[in-house]
Amino acid sequence: MDPKIVIIGAGVAGIAAARKLLERGFRNILVLEAENRIGGRIQTIPFGANVVDLGAQWCHGEGTNAVYQLARQYNLLQVAKVNYHRFDCIQSNGESVPTQLTDYLIVLIKGILKAAEVDFKNPNGISLGAYLSKRYAELLDDPKNSHIDREIASQFLEMYMKFECSYTAADSLSDISGFGYCTYLETEGNQHLSWKNKGFSTLLDILMGKYNGDTIGRLLKRRILLKKKVKKILWNAGENSKVLIKCENEDVIEADHVICTVSLGVLKECHKHLFSPELPLHNLRAIESLKLGTVNKLFLEFEKAFWPINWNGFNLLWSEEDLTRITQSKDRWLEDVFGFYPVDYQPNVLCGWILGENARYVESLPENEILDGLMFLLRKFLGWNVPCPLRFKPTKWYTNSNFRGSYSYFTLKAEQAGVTPADLARPVSRHSAALPVLLFAGEATHESYYSTVHGAIETGWREANRIASFYPARNKSHL
Ligand SMILES: Cc1cc2nc3c(=O)[nH]c(=O)nc-3n(C[C@H](O)[C@H](O)[C@H](O)COP(=O)(O)OP(=O)(O)OC[C@H]3O[C@@H](n4cnc5c(N)ncnc54)[C@H](O)[C@@H]3O)c2cc1C
């Protein structure tokens, strides 16, 4: 028997699942994708002198990292030129903060986060934000730190919390479970490997067999249907019946197994009408208590660079007075733009980053209004003669109903509910049979690499292998 397996979503988890099933000899596979392209939150577009990544940008780690393993034989990755852990900071009055001070403060913060690994071995109801703020204040009260300028130290912590939120995609570190934060594991090696002048979609080319011309890639391409948005999955129409998948164009597709890879944001918004009957309680509780946050990038292309060679960009430190003024103005969203950095292989492009509630809000603004705000920031903080850019490209991951955000994080609410990404990943079987009919993959279902591409890939493989484990090993030549 060659079971019919339908995969919903041609993001990297869906592609990885389909590829693994094909490698294991399954052929009756279909991937349904709502967008008119594959890749999901991996999206590389031409911009400036080269390309930019609207979504995933770096391979976070080497060693066993699935992205690294797939790319390494083609020599496609290199350490990013910008050092995101250098924290060159400028205050809102235009003064640069001495590197000696920022280096000192970052050592304090890194020490606290290291200690967190021990303090959060078990769930304890404390958020990462509360923990970090308390420990930081204690360290600053220590007489050996009396030389530190308290005002700058406090502005630095505010900035750092936003920076950390950009990694976790949380609106605020107070929303992140300290315990949950420590369940995220880094793969060993450099955390910022870039795709040189090519962009992250090169990974999709590898998975689609374009790099080695493999037959699996060709088989996979024929099985992906674009612009096929799924509106309903009837997973328990009867004891021995198939799963029915209804698409927005009214097509109905039958399947023995469905692997659903849509984002946590889509699940949150749609689960009530997407699944019939309703999902089991453990899946529901995970959908409700884990979160998909929003991080957006704001790309600015200038006629020529107005910054020095080898400039590392800067992080914004607001004085209390300036912050109050901006948060009381119509441009209050600007407080959550925490840094601007050059982009590799793009001599004239800067990328600003914004997160949280304001990242969602900014998506609703006209582009010229966003641009005016960004120019205000650059001129105010840098104090340089900043020319108007030639082109501007803001990302909009929240507004797009096929994503509803950027990446997932482990909330305090999830910790309190005793929920982990493993609950989201639990496959659904019909009452009397162990054979799973509805399975979940996607970054938010990975227990330790959630929020990443390598995590998403592993979840696709996991669910493909789960299905394969219910069938005898397949003789590929006969399929
Ligand atoms: C701004 C940003 C920066 C990031 N930076 C990094 C980074 O540097 N490194 C890193 O490792 N990760 C990064 N990530 C995270 C990474 O992109 C994701 O973790 C990963 O791509 C998720 O893959 P996925 O397959 O789980 O989900 P998705 O990519 O969301 O794929 C799900 C697919 O399902 C489709 N879909 C949704 N609803 C339906 C429906 N009803 N019917 C059919 N199809 C549907 C969607 O269109 C989508 O293609 C970043 C993400 C963003 C947004």
Side-chain angles (χ1 to χ4, degrees), residues 6-18 30-44 52-61 65-68 80 84 166-167 169 186-187 191-195 199-201 203-204 207 224-233 245-249 258-267 269-271 273-275 292-299 351 353-355 359 394-398 400-409 424 440-446 449-460 463:
V6 171
I7 297 164
I8 301 176
V12 75
I15 302 268
L30 197 57
V31 184
L32 306 176
E33 168 56 49
E35 295 271 320
N36 62 1
R37 59 174 183 89
I38 64 165
R41 282 171 274 168
I42 296 175
Q43 187 179 10
T44 307
V52 288
D53 279 308
L54 302 183
Q57 184 166 345
W58 302 288
C59 169
H60 293 308
N65 183 305
V67 175
Y68 182 77
Y84 293 91
S166 76
Y167 274 90
E186 284 185 355
T187 54
Q191 297 301 305
H192 287 103
L193 298 175
S194 80
W195 292 84
F200 218 122
S201 64
L203 176 75
L204 302 171
L207 289 169
I224 300 175
L225 299 183
L226 300 177
K227 292 199 265 181
K228 268 275 187 246
K229 189 158 180 160
V230 171
K231 69 172 181 191
K232 195 148 208 89
I233 303 166
I245 300 129
K246 294 189 175 170
C247 300
E248 276 196 344
N249 69 351
V258 170
I259 303 179
C260 180
T261 75
V262 303
S263 77
L264 178 58
V266 172
L267 287 175
E269 183 173 72
C270 301
H271 73 87
H273 56 260
L274 186 58
F275 301 102
L292 191 80
T294 307
V295 174
N296 274 317
K297 300 182 194 177
L298 308 156
F299 291 103
C351 181
W353 289 75
I354 184 166
L355 58 91
T395 63
K396 297 186 174 181
W397 289 104
Y398 178 72
N400 187 325
S401 65
N402 295 326
F403 301 100
R404 290 289 184 237
S406 303
Y407 29 96
S408 67
Y409 64 99
L424 187 58
F440 293 93
E443 57 87 8
T445 70
H446 199 291
Y449 302 153
Y450 50 85
S451 79
T452 65
V453 173
H454 56 282
I457 292 175
E458 285 197 2
T459 65
E463 297 313 315

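Ligands are counted one by one from 1 in listed order, and the atoms in each one are counted from 1 as well.
Using modelled atom types, one side-chain atom of Thr261 and one backbone atom of Ile8 make a donor-acceptor pair closer than 3.5 Å. Using modelled atom types, no side-chain atom of Ser166 and backbone atom of Val295 make a donor-acceptor pair closer than 3.5 Å. With hydrogens and angles ignored, the 3.5 Å screen pairs a side-chain donor or acceptor of Lys297 with a backbone N or O of Gly55. Side-chain atoms of Lys232 come within 3.5 Å of backbone N or O of His273 as a donor-acceptor pair. With hydrogens and angles disregarded, a donor-acceptor distance shorter than 3.5 Å links the side chain of Glu443 to the backbone of Ser451. In this structure, the side chain of Thr294 does not engage the main chain of Ala359 through any donor-acceptor pair within 3.5 Å.
Relative orientation of the Tyr84 and His192 rings is tilted, given thresholds of 30° and 60° on the angle between their planes.
Geometrically, ligand 1 and Arg41 share a nitrogen or oxygen pair separated by less than 3.5 Å. Any N or O atom pair closer than 3.5 Å counts here, and His60 shares at least one such pair with ligand 1. For ligand 1, the polar-atom distance check finds no N/O of Leu54 at less than 3.5 Å from any of the ligand's N/O atoms. For Ala13, a nitrogen or oxygen atom sits less than 3.5 Å from a nitrogen or oxygen atom of ligand 1, counting backbone and side chain alike. Not one N or O of Gly405 is nearer than 3.5 Å to an N or O of ligand 1, by distance alone. Where the criterion is an N or O separation shorter than 3.5 Å, residue side chain and backbone included, Glu443 meets it with respect to ligand 1. Geometrically, ligand 1 and Val262 share no nitrogen or oxygen pair separated by less than 3.5 Å.
The closest non-hydrogen atom to atom 48 (C) of ligand 1, taken over Lys297, Glu35, Glu33, comes from Glu33. Looking at Thr459, Leu267, Val230, it is Val230 that brings a heavy atom closest to atom 42 (N) of ligand 1. Across the listed options Ile245, Leu292, Thr261, Thr261 owns the non-hydrogen atom lying nearest to atom 32 (C) of ligand 1. Among Phe403, Tyr450, Trp58, Trp353, the residue whose heavy atom sits closest to atom 9 (N) of ligand 1 is Trp58.
Protein heavy atom in closest approach to atom 51 (C) of ligand 1: Tyr407 CD2, 3.3 Å. Closest protein heavy atom to atom 6 (C) of ligand 1: Ala56 CA, 3.3 Å. Of all protein heavy atoms, the one closest to atom 44 (N) of ligand 1 is Ala34 N, 3.1 Å. Nearest protein heavy-atom neighbour of atom 34 (O) of ligand 1: Gly9 CA, 3.2 Å. For atom 16 (C) of ligand 1, the nearest protein heavy atom (residue, atom name, distance) is Val453 CG2, 3.7 Å.
With a 4.0 Å heavy-atom cut-off, ligand 1 is reached by the side chain of Ile8 but not by its N, CA, C or O. When non-hydrogen atoms are compared, ligand 1 lies under 4.0 Å from the backbone of Ser451 (N, CA, C, O) but not from its side chain. Of all the heavy atoms of Val295, the ones lying under 4.0 Å from any atom of ligand 1 belong exclusively to the backbone. Proximity of Lys228 to ligand 1, defined as any heavy-atom pair under 4.0 Å, is confined to the backbone N, CA, C and O atoms. When heavy-atom distances to ligand 1 are checked against a 4.0 Å cut-off, Ala456 comes that close only through its side chain, counted from C-beta outward.
Set against the non-hydrogen atoms of Gly442, the atoms of ligand 1 under 4.0 Å away are 26 (O). Less than 4.0 angstrom separates some heavy atom of Gly40 from each of these atoms of ligand 1: 29 (O), 48 (C), 49 (O). Atom numbering of ligand 1 starts at 1 in the shown order; those under 4.0 Å from a heavy atom of Gly11 are 25 (O), 29 (O), 31 (O), 33 (C), 49 (O). With ligand atoms numbered from 1 in the order given, ligand 1 contributes 43 (C), 44 (N) to contacts under 4.0 Å with heavy atoms of Leu32. Heavy-atom proximity to Gln57, at under 4.0 Å, picks out these atoms of ligand 1: 5 (N), 6 (C), 7 (C), 8 (O). Below 4.0 Å from some heavy atom of Val12 lie the following atoms of ligand 1, by number and element: 23 (O), 25 (O). The atoms of ligand 1 that sit less than 4.0 Å from any heavy atom of Trp397 are 1 (C), 53 (C).
Taking 4.5 Å as the limit, every side-chain heavy atom of Leu225 sits out of range of all side-chain heavy atoms of Val31.
A donor atom on one side chain and an acceptor atom on the other are found under 3.5 Å apart for Lys229 and Asn402. For the residue pair Glu458 / His446, a side-chain donor-acceptor distance below 3.5 Å is found, with atom types taken as modelled. Between the side chains of Asn400 and Glu35, at least one donor-acceptor pair of N or O atoms lies under 3.5 Å. Side-chain contact, Glu269 with Ser401: no donor N or O sits under 3.5 Å from an acceptor N or O.
A distance of 6.0 Å or more separates the ring centres of Tyr407 and Trp397. No close placement of the Tyr68 and His454 rings is indicated, their centers lying 6.0 Å or farther apart.
To the nearest 0.5 Å, atom CG of residue Leu207 and atom CD1 of residue Ile457 are 5.5 Å apart. One finds the CG atom of Asp53 at 11.5 Å from the OG1 atom of Thr395 (value rounded to the nearest 0.5 Å).
In this structure, Thr395 has no heavy atom closer than 4.0 Å to ligand 1. For Glu248, the closest heavy-atom approach to ligand 1 does not fall below 4.0 Å.
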### Task
Using the side-chain contact (heavy atoms from CB on, under 4.5 Å) rule, take Cys247 and Leu32 through it: C-alpha gap first, then chi angles, then the decisive distance, then the call.
CA-CA 9 Å; Cys247 300; Leu32 306 176; 4.2 Å; yes
